[in-house]
Amino acid sequence: MVVFSGDLDKVLAAFVIATGAASMGDSVTMFFTFWGLNALRRGGSQAGGKTFLDRMFGMMMPNGASALKLSNLNMGGMGTALMKHVMHSKNVDSLPDLMAQARQMGVKIVACSMSMGVMGLKREELIDGIELGGVAAFLGESDDAGMTLFI
Amino acid sequence: MVVFSGDLDKVLAAFVIATGAASMGDSVTMFFTFWGLNALRRGGSQAGGKTFLDRMFGMMMPNGASALKLSNLNMGGMGTALMKHVMHSKNVDSLPDLMAQARQMGVKIVACSMSMGVMGLKREELIDGIELGGVAAFLGESDDAGMTLFI
Amino acid sequence: MVVFSGDLDKVLAAFVIATGAASMGDSVTMFFTFWGLNALRRGGSQAGGKTFLDRMFGMMMPNGASALKLSNLNMGGMGTALMKHVMHSKNVDSLPDLMAQARQMGVKIVACSMSMGVMGLKREELIDGIELGGVAAFLGESDDAGMTLFI
């Protein structure tokens, strides 16, 4: 599974599918690239030693799973807040909850090293328990996968 | 096939692929989730007994296949209207036509029950001839599928 | 691989995966449809003999790989320009470079003939070295593919 998008709704869908598949005994690898990397950011301040442009990109992109926004009806953040409220009131797991479950279930999370370079993200800005890898790693995994999705 | 998007162009692509595959004798299941559910709405007024927020979400989202919009060049609806006009004048099937064909061809259409809950959509607000199912249903289908797409 | 999107970042991802897979010895077919076709446009002026609407769509859509925009943070073109600058300064291949590599590596590029009709694009407006095909062609290819992605 490639997670390219950093939209809250799409990343949620990715983790619902991933945890669902893992609970059915499938082995799951999620390869986060480009905007999807924002879901793996740790939150808090950026690492030192970044160029001005890297720092600027880092400031403009959502910093971590709790900062992602809906792809539709975001309405300046209001739609996203409402959706989180509705999910909570209906006892649907939040994204951080699903991510924790995925990791407990052994879902492998890989951050695309090339995209990290382009977007100026450093390893220490991402959450723990993930691997770094390139396209070759992803292609190696997906070669014998029963299903691959681009989200 | 997962249909996550509710953009007219993407849902069109999904049904073009689905009817194409069905006409080649493949068995096809389309799993509609999140914004994609809007393509399955019946149109008309909402069901009774919904909370204020559910009703509000229902009002803000497109109500049925004819109400979907392009992901690009929508231009306040003008681009979408133009695209429909161009498709009609070039004898390309409209989305409602393709959906009817898909159902005649035996394409299985499943609405994601979890997303319906989150978005406050009720069974009676969706068109006839579809099933409800969870992620497990989708994963069960896709386990022995030759191809899975996330649209 | 279906390339539906005409966003710079997604088309880049598609070609990174395609060239990666080709370099590992896989045979790769990219099927460009809808907005994705814009990546295959030749640039320059439009072909003659188009209807007014076709010409207008042609004017409003990006004309070629160098004209594509980011799906996020485009900011009136400034974000896209910055991203290209950053990629260049970090020695990451640009989209036109990747496309040339893909073709040298034997990646097969197919333009969806139905979408070309809908969007009013003519064969001579697209770059050389590509084939035209319909959905059946795509489904034929993907039937025995190890992996299919919808980007």
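In what follows, chains carry the letters A, B, and so on, assigned in the order in which the sequence lines appear, proteins first and then strands, with residues in each chain numbered from 1.
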(request) Enter the distance from L73(A):CG to F57(B):CZ here, rounded to the nearest 0.5 Å. (result) 6.5 Å
(request) Any chance you could measure S113(A), atom OG, to E131(A), atom CD, to the nearest 0.5 Å? (result) 11.5 Å
(request) Would you mind telling me which of T51(B), D54(B), V118(B), V135(B) has the largest number of heavy-atom pairs within less than 4.5 Å of chain A? (result) V118(B)
(request) Please determine, by modelled atom types, if E141(B) and T29(B) share a side-chain donor-acceptor pair under 3.5 angstrom. (result) yes
(request) Go through the atoms of A13(A) and report whether side chain, backbone, both or neither lie under 4.5 Å from a heavy atom of chain B. (result) side chain
(message) For L53(B), which atoms come within 4.5 Å of any heavy atom of chain A: side chain, backbone, both, or neither?
(response) side chain
(message) Heavy-atom cut-off 4.5 Å, strictly under: side chain, backbone, both or neither for M83(A) against chain B?
(response) both
(request) Select one option (side chain, backbone, both, neither) describing which atoms of M147(B) are under 4.5 Å from chain A's heavy atoms. (result) neither
(request) Identify which of V92(A), I17(A), L12(A) forms the greatest number of heavy-atom pairs closer than 4.5 Å to chain B. (result) I17(A)
(request) Report yes if the side chains of L95(B) and F15(B) come closer than 4.5 Å at any heavy-atom pair, otherwise no. (result) yes
(request) Calculate, to the nearest 0.5 Å, the distance between atoms CZ and CE belonging to R103(A) and M30(A) respectively. (result) 11.5 Å
(request) Would you mind checking which part of T19(A) comes under 4.5 Å of any heavy atom in chain B, side chain (CB onward), backbone (N, CA, C, O), both or neither? (result) neither
(request) Report the distance from atom CD1 of I109(A) to atom CE of M99(A), rounding to the nearest 0.5 Å. (result) 5.5 Å
(request) Answer with side chain, backbone, both or neither: which region of T33(B) has an atom nearer than 4.5 Å to a non-hydrogen atom of chain A? (result) neither
